[in-house]
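Structure first, commentary second.
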There are 2 protein chains.
Amino acid sequence: MGYFMTSRSQNRPNIRAVAMQAGVSTATVSRAINTPERLDPETLKRVLHVVQELGYVPNLTGRSLVMGRTHAVGVVVPNVGWPLFASFARGIEMELNASTLMPIIVSTDDLQDREKDAARALVERSVDGLILISSNLAPGEIERLAPNMFRVHINPQIDGHEHQIRVDDVAGGYLAADHLIKSGHKRIAHVAGEFRSGRDRAQGFLKRLSEEGLEPFVLYTGDFTVEAGEKSVDKILEIGVPDAIFAASDLMAAGVCRALNRAGLRVPDAVSVMGYDDNPIAALLDPPLTTIRQLDIELGKMAGKMFLSLMEGEEAHSEIIVPELIERQTTRSRLRR
Amino acid sequence: MGYFMTSRSQNRPNIRAVAMQAGVSTATVSRAINTPERLDPETLKRVLHVVQELGYVPNLTGRSLVMGRTHAVGVVVPNVGWPLFASFARGIEMELNASTLMPIIVSTDDLQDREKDAARALVERSVDGLILISSNLAPGEIERLAPNMFRVHINPQIDGHEHQIRVDDVAGGYLAADHLIKSGHKRIAHVAGEFRSGRDRAQGFLKRLSEEGLEPFVLYTGDFTVEAGEKSVDKILEIGVPDAIFAASDLMAAGVCRALNRAGLRVPDAVSVMGYDDNPIAALLDPPLTTIRQLDIELGKMAGKMFLSLMEGEEAHSEIIVPELIERQTTRSRLRR
DNA sequence: ATGAAAGCGCTAACAT
DNA sequence: ATGTTAGCGCTTTCAT
């Protein structure tokens, strides 16, 4: 690493400069900033005038050191670049905006080592706490890395964390199957996804089917991508043409639709299709995709809210988010009138 | 705001705890961390052992105070939740990962006041510098808010900033028109966008047309949304059916495609369509959208790189990014063989 | 090679 | 109502 200039930002006026200029002690300046009501109006006015004049901006680093708080909270996500996590981060930011807390977002690429590095870097910065989504770290591990820190976990891959928010993927899968069944579909294929979320969605799907005494038409497992959705259609059509296909992600559903179109099967006339996520693309597909909404921004807001309540001394608790159905135009009732 | 617990994170071992336990001075511990080569191997080993034992993690707040650097850089974007800015932020993060710098991302909702607040909050945190994209602040304003700070500006709405990166929207519009003209389209409509970027794209588009002696079929201005794209088609079809429609955003292009389909006009057989951005949805539309790519991640990386070089003392300079054509399946040659 | 001491910018007893 | 002073965790001269 090269040589870093550091001289430029050095000349910011500090509390002492203000104090001297105003002819008061630094304590008085501090009070003018933090507890103005405890100051003589005259002095206050004089101090604030100097603050203005010098363009004094308090240095939070100094304050943090004595207060033992940075008013920063680390947000650990797999990748801020991805829409889901971007929205999630934005939700946290919105919620925290009302407080004095500022989120610091770090991406891990879903790598355990990078996650450890991230946690460590945030601890070094003495953040007041951590919000982690889709973490791969075991509770003991994270406690070792960030001891005694306020933490909120969203959908950790490894169980046993307190202060959890879980998105109920089982309920989401169940909801999708329920919608298809209620609108008269019988032969329903599922393009499942990986990881816990994929498995949970499949589980909920199967549960609803079994309540009806139905078997899945086909179960195919993909990796959440468009290509996986396209490939799944090949497999499915080898068996026959189902009434409906439920894919565990909107991307896979997009692939499913595209492949069905190519095979000359119109959506939803020939086959109904459902996705999962309510990815921004869902509404833009033609026809717009019926899907299960994961309210990412809301999830972020909820996480922010839970973090705030933790700092205020609230007991550990968990919450569960139940996804909702967004009915658009890729599903269509098969009930005869 | 309620009462915040603060006792939890207080008991982190500090440099003095390590020093005492190892029977050395704090200076030695500091050296063990920062300049291990200047220590007696025996002492070093002993100190590091205690560091391990106690789980000592240096407190960057203290270090920042004495060093006058936080190794943090503020990133000011309109909204981290939007794909473009999320990718941009991710690009910065990737570039900065190799250094000791950590980005702190703040959203402003494109509001001047929020932007001032953001700048101020980041200055309070004593960030080493600022990266701003689509800023609405005048150079003097931002200099007043963040005096003597390293700054990189990307596409500011107000000109006159140093260390700029500009995305050449004129070239992008030119490129789109060029592609359509070279593939034999004559009657070309443009659905323009707002702001400087929208105007620039339109300008480039018109420039290429005029080189050919062509007039635009229609010029309609929308607000970058899907709905604007749909509405534009109504207006365009009032005049007639063009050979091609070039929309200033992929979202508008998606709306254009949808409306054309509804009107019974197949894309690209009846009408070619082009978008702009290479939004993730572009590849997923059916048919996949031909568009102009704004390499958002690359833009972020470039911004990070420029910031790093600034800190290393490099002179102020500007860069321009020229977008590239991504040819997919919504355009089709009208040249007879 | 290591330690003692000063100081980065700030706040909070404590004193007046 | 305001000032004095100590100290938050760390690095860095200056001694030794």
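First the proteins, then the strands, lettered A, B, ... as listed; each starts at 1.
For A:Asn59 and C:dC8, the CG to P distance is 12 Å, given to the nearest whole Å. Note: CZ (B:Arg38) to C1' (D:dT13) measures 12 Å, nearest angstrom. Atom-to-atom, NE2 of A:His71 to C1' of C:dT11 comes out at 12 Å; the value is rounded to the nearest Å. Atom CG of B:Asn14 is separated from atom P of D:dT11 by 12 Å (rounded to the nearest Å). Per the geometry, CZ belonging to A:Arg12 stands 9 Å off P belonging to C:dG9, to the nearest Å. Rounded to an integer number of Å, the gap from B:Leu65 CG to D:dG7 P is 17 Å. Residue B:Arg63 contributes atom CZ, which lies 20 Å from atom C1' of C:dC10 at whole-angstrom precision. Here D:dT5 presents its P atom at 14 Å from CZ of A:Arg16, a figure rounded to the nearest Å.
Checking B:Asn14 against B:Asn59 by side-chain atom types alone, no donor-acceptor pair falls below 3.5 Å. Side-chain contact of B:Asn148 with A:Asn11: a donor-acceptor pair under 3.5 Å is present, judged by distance alone. At a cut-off of 3.5 Å, with distance as the only test, a side-chain donor of A:Arg12 or B:Ser126 sits close to an acceptor on the other residue.
The nearest heavy atom of DNA chain C to B:Gly23 and to B:Gly62 marks one nucleotide each, and the one closer to the 5' end goes with B:Gly23.
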Tabulate below the donor-acceptor pairs under 3.5 Å that side-chain atoms of residues 34-58 of chain B make, not counting sequence neighbours, or state none.
residue	atom	partner	partner atom	Å
B:Asn34	OD1	B:Arg63	NH2	3.4
B:Asn34	ND2	B:Ser30	O	3.0
B:Asn34	ND2	B:Ser30	OG	3.3
B:Asp40	OD1	B:Glu42	N	2.8
B:Arg46	NE	B:Ala22	O	3.2
B:Glu53	OE1	B:Gln21	NE2	3.4

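Not a single donor-acceptor pair under 3.5 Å links the side chain of A:Arg196 to the backbone N or O of A:Asp169. A:Gln164 places no side-chain N or O within donor-acceptor distance of the main-chain N or O of A:Asn155, the cut-off being under 3.5 Å. In terms of modelled atom types and a separation under 3.5 Å, the side chain of A:Glu93 and the main chain of B:Ser107 share a donor-acceptor contact. Put simply, the side chain of B:Arg114 never gets that close to the backbone of B:Asp109: no donor and acceptor are under 3.5 Å apart.
Computed from C1' positions of five pairs at each end, the angle between the two local axes of the helix from C:dA1-D:dT16 to C:dT16-D:dA1 equals 40°, rounded to 10 degrees.
A:Val24 comes within contact range of the sugar-phosphate backbone alone, with a heavy-atom separation under 4.0 Å but no base atom that close.
Comparing D:dT11, D:dC8, D:dC10 by their closest approach to the side chain of B:Tyr56 singles out D:dC10. Comparing C:dG3, C:dC10, D:dT12 against the side chain of B:Met67 picks out D:dT12 as the nearest. In this structure, the nucleotide among D:dT2, D:dC10, C:dG3 sitting nearest to the side chain of A:Asp40 is D:dT2. Distances were taken from every side-chain heavy atom of A:Thr28 (C-beta onward) to each of D:dG3, C:dT11, C:dA4; the shortest belongs to D:dG3. Of all nucleotides listed (D:dT2, D:dG9, D:dC8), D:dT2 comes nearest to the side chain of A:Thr43. Nearest to the side-chain atoms of A:Ile15 among the listed nucleotides D:dT2, C:dG9, D:dC10 stands C:dG9.
Against DNA chain C, the stretch residues 117-125 of chain A makes no heavy-atom approach under 4.0 Å.
Using cut-offs of 30° and 60° on the angle between ring planes, the pair B:His153 and B:His161 is tilted.
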Q: Assess whether side-chain hydrogen bond (donor to acceptor under 3.5 Å, both in side chains) is satisfied between A:Ser135 and A:Gln157, documenting all intermediate values.
A: CA-CA 6 Å; A:Ser135 165; A:Gln157 302 286 349; over 6 Å; no
